[in-house]
Asker: 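Here you go, one structure.
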Amino acid sequence: MAVAHSRSVTLPATAPYYDELVDHDGTPRPHCAGLVEALHRIGHEGLAAAGRRRDAIFVQQGITYEADEDGQVVKDRPFPLDLVPRVIPAAEWAGIERGLRQRIRALNAFIDDVYHGREIVRAGIVPWTLVVSRSHFARAVHGIRPPGGVYCHVAGCDLVRDADGTWRVLEDNVRTPSGISYVLENRAAMTRLLPQLFAGHRVRPVDHYPQLLLAALRAVAPAAEGEATVVVWTPGSLNPAYFEHAFLARQMGVELVEASDLVVRDDVLYMRTTSGLQRVDAVYRRLDDDFLDPLEFRPDSLLGVPGLVRAYRSGNVAIANAIGTGVADDKAIYHYVPEMIRFYLGEEPELQNVTTYLLSDPEQLEHVLDRLGELVVKPTGESGGKGVFIGPQCAEDELEGLAAVIRRQPERWIAQELVRLSTVPTADADGHLSPRHVDLRPFAVFGETIEIIPGGLTRVAMTPGSMIVNSSRGGGSKDTWVLDEGAAGAPRRQRPAPVEQPSLPDLRYGGWSNQAQQQQQGRQQQQAG
Amino acid sequence: MLARIAHDLYWLGRNLARGEHTARMLDGVSQADLQSPIDDDPWAVTLSWDGVLAIMGAPALPGGADREEALRSLTVDAGNPASVRACVVRAREGARVVRDVISAEMWTAVNRLYLEIESGDFAGPFGFLQRVKERTALFWGATEATMLRDEAAAFLQAGRRLEAADMVLRMLRVALPLGREDGASDGQALALLQAVGGFQAFRRAVPAPPNAGPVARFLLFERAYPDSVAASIESARAALAAADHDARVSEPVLRLSRVAADLEFRAWDGEEQDLHEVLALVGRELQSLDRDISSRYFAGALT
């Protein structure tokens with residue numbers, strides 16, 4: 001392959017990290033050969049031009065976010081979509097999918113267990129004190145089993161690849177994982193910006209997610225008759241993820257409601273409409289438990305609906321994700337997930353955790369304090385990369401301060417081995433490629449069955465060398481391709497030819513006088529009057 | 001009004017609507033085509049490049065149509081009378097002839113579209129299609145806001161609506177799986193909605209998943225959706241009925257009333273029906289309509 005073509009892109013060497021597009025000497029991995037060739041043909045000027053088109057389109061369509069630059073909030077920045085897709089071969093994806101299904105089934109069983117029989121506690125696997133001390137443990141829902149026994153209707157487990165290419169789970173998001181709208185918008189944008197890249201690949205589609213979600217919500221709704229009324233509940237238009245809330249409501253064709261639109265009467269949830277109160281059967285809520293119902297949780301919540309938990313407890317409304325799922329969305333509980341899989345499912349975990357140390361254990365605490373400079377330390381109840389310390393990037397005095405904080409409240413922290421995140425080449429503003437670290441958030445919908453959207457949101461650390469991929473901290477994203485079965489570059493299977501093409505009448509082109517000759521050339525010229 | 005002017009307005013409406021619908025269709029198909037279908041369901045909607053060529057009356061290419069080639073020939077190829085560009089060129093010529101009848105803003109909108117397309121200054125095929133959609137919307141917006149609701153407006157509207165009905169009908173006839181109408185879960189039916197611009201409207205109006213059957217019925221029968229066949233037929237009927245000097249004995253008006261009533265009846269009738277038969281029937285009626293309109297209003301100038 002003509003790698004050194006003057007217009008073509010240059011692929012960087014990436015050791016000591018695992019690069020998903022090229023191997024350590026810069027040769028494209030077999031399933032990426034076609035993509036690399038297409039990138040060469042586009043060249044860096046082509047990529048740069050496509051990048052400018054992308055920014056213009058995103059700004060026009062309002063696919064933007066608020067960036068924090070030097071302490072200043074900058075509005076309406078185009079969402080950073082990198083133009084080089086990430087490719088996952090079919091067989092590899094099949095393994096990830098199996099592992100995720102297994103993990104989500106176990107997490108769901110754990111949530112059910114925590115609020116019912118506590119078998120796993122009685123078996124001595126997870127300490128009860130740890131469970132009840134989790135900030136998202138919800139006493140209010142003890143003994144409530146939602147329809148179908150499903151708690152985490154939407155799950156997004158973050159995956160990373162280690163230096164040897166092994167996929168590992170970094171954390172479990174089973175409260176209100178966000179990002180799916182970008183998965184769909186990224187794909188739509190890529191097919192328009194760089195359709196050439198898709199040639200010769202069979203990329204599995206992602207745009208049926210809203211249908212899956214709607215079907216799952218309908219499946220768990222306790223509707224008595226007819227179609228269940230489903231709503232998306234947003235904290236409001238000032239929420240940073242409002243774009244996604246509106247996107248999902250629009251794509252599902254359901255109402256996007258705020259707290260002031262909802263009211264509970266006699267343990268039934270209603271929304272206020274122009275024709276009076278209308279019953280709501282299922283709520284896809286995009287706010288935390290704490291804010292749901294001021295009667296049960298934070299009394300100062302203005303975003304909540306008084307009486308909602310009672311309606312939920314009476315079985316009159318389904319809430320997705322269920323109240324209390326946050327107990328499984330915790331970095332200390334994460335440590336026990338492999339044990340949960342063995343305990344509830346009797347299976348060996350297909351996807352491994354990143355090695356994690358629980359600091360409430362004195363032995364592990366000492367071990368960690370000795371190696372603080374090599375490990376990653378995270379607060380247990382936070383998300384979005386908040387409060388994370390990456391040992392090798394911290395100054396000496398920072399580490400000392402951290403050690404003191406940890407010693408005071410060890411149970412609020414965990415430590416993990418540093419994962420050397422895999423890389424994928426990423427284009428800069430000039431269209432030149434260099435490796436950037438990535439992770440992956442696949443999205444699963446749990447209704448009657450667990451459905452996983454092929455791929456997910458690949459997040460990219462746009463700063464060279466950085467491993468912080470969170471969009472609130474300068475992360476970008478990539479379109480993620482899961483290839484359909486069959487070798488890379490294999491021709492697309494032909495769709496079966498229609499049995500018989502209906503014979504359509506010819507198109508007609510008008511024309512006042514008999515100018516058949518000219519009409520056929522498409523140059524109808526009127527005899528100007 | 002002059003038969004010739006009525007004819008030119010009618011075709012101005014048709015050409016612009018055809019350009020717009022072709023652009024929407026190409027956009028929808030491009031997106032669907034780049035991803036593999038969710039499953040190889042033989043009952044799935046098939047809106048392939050071959051299908052698009054069939055809809056636009058172009059000969060099928062040997063060995064299946066190629067994306068690049070099909071896109072080029074149906075967007076910027078001035079030599080292909082079915083291309084979007086050719087539609088715009090014809091519309092602009094037509095608009096120039098009737099400049100005195102339409103408002104200045106309408107003329108400017110269509111002329112700008114023409115100039116932009118001829119200059120070739122747009123970002124790739126997507127930019128091209130986007131521009132066509134935006135500028136045609138501008139034209140119809142200007143029409144709505146500035147044109148006198150007279151006979152001239154009626155012929156413009158009739159042309160626009162009949163073309164819309166014809167395009168959607170052609171698309172359904174090619175794309176709808178034969179034999180059975182309730183395919184399994186079906187991502188390509190989404191493309192069909194996308195190809196008309198009716199995705200969100202469908203989502204708001206129909207609780208059913210976007211599978212072949214519900215989508216086809218929506219695009220055919222749903223009168224609340226402006227680009228459904230039924231809504232287009234009804235608008236065309238209303239326009240011609242207003243323009244006709246004696247609507248009660250007017251063949252085109254009567255025929256449109258009959259088709260509109262038939263579609264309405266079928267939409268209401270819960271019985272399982274062969275959608276292909278309905279599509280073929282409406283297709284035949286639209287062809288007869290062209291003849292009716294030509295002989296009643298355009299002094300028989302068969303076009």
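Here is how names work: the chains are called A, B, and so on, in the same order as the sequence lines, proteins then strands, and each is numbered from 1. As the structure is a computational prediction, the values presented were derived from the model and not from experiment. All values below were derived from every heavy atom in this structure, side-chain atoms included, with hydrogens, water molecules and symmetry-related copies excluded.
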Asker: Under the rule for salt bridge (Lys or Arg N to Asp or Glu O under 4.0 Å), what residues qualify as partners of Arg53(A), not counting sequence neighbours?
Answerer: none
Asker: Evaluate the criterion side-chain contact (heavy atoms from CB on, under 4.5 Å) for residue pair Gln60(A) and Gln130(B); output intermediate values, then yes/no.
Answerer: CA-CA 12 Å; Gln60(A) 277 168 19; Gln130(B) 196 62 20; 5.8 Å; no
Asker: Sub-3.5 Å donor-acceptor pair from the side chain of Arg203(B) to the main-chain atoms of Gln251(A), do we have one?
Answerer: yes
Asker: What part of Phe202(B) lies closer than 4.5 angstrom to a heavy atom of chain A: side chain, backbone, both or neither?
Answerer: neither
Asker: Any chance CZ of Arg204(B) has more than 12 other-residue heavy atoms, nucleotides or ligands included, within less than 6.0 Å?
Answerer: no
Asker: Could you look at Leu197(A) and say if it's the side chain, the backbone, both or neither that has a heavy atom under 4.5 Å from chain B?
Answerer: neither
Asker: Between Arg508(A) and Trp11(B), is the side-chain contact (heavy atoms from CB on, under 4.5 Å) condition met? List the steps.
Answerer: CA-CA 10 Å; Arg508(A) 290 164 357 95; Trp11(B) 276 98; 3.7 Å; yes
Asker: Other residues, nucleotides and ligands only: do more than 12 of their heavy atoms fall within 6.0 Å of CD on Glu448(A)?
Answerer: no
Asker: Can you tell me how far the CD atom of Glu68(B) sits from the CD atom of Gln196(A), to the nearest 0.5 Å?
Answerer: 7.0 Å
Asker: Under the salt bridge (charged side-chain N to carboxylate O under 4.0 Å, His left out) definition, can you give me all pairs with a residue in residues 209-218 of chain A, not counting sequence neighbours?
Answerer: Arg218(A)-Glu227(A)
Asker: From Thr191(A) OG1 over to Asp27(B) CG, what is the distance, rounded to the nearest 0.5 angstrom?
Answerer: 8.0 Å
Asker: Between atom CG of Leu194(A) and atom CZ of Phe126(B), what is the distance when rounded to the nearest 0.5 Å?
Answerer: 12.5 Å
Asker: Which distance, rounded to the nearest 0.5 Å, do you find between the CD of Gln287(B) and the CG of Asp506(A)?
Answerer: 8.5 Å
Asker: Output the option from Met56(B), Arg284(B), Arg85(B), Arg14(B) having the highest count of non-hydrogen pairs under 4.5 Å with chain A.
Answerer: Met56(B)
Asker: Is it the backbone or the side chain of Met190(A) that comes under 4.5 Å from a heavy atom of chain B, or both, or neither?
Answerer: neither
Asker: To the closest 0.5 Å, what do you measure between OH (Tyr509(A)) and CZ (Arg18(B))?
Answerer: 5.5 Å
Asker: So which part of Leu193(A) gets closer than 4.5 Å to some heavy atom of chain B, the side chain, the backbone, both or neither?
Answerer: neither
Asker: Can you check side-chain contact (heavy atoms from CB on, under 4.5 Å) on Arg170(B) and Leu507(A), steps first, answer last?
Answerer: CA-CA 10 Å; Arg170(B) 281 169 173 273; Leu507(A) 279 181; 3.6 Å; yes
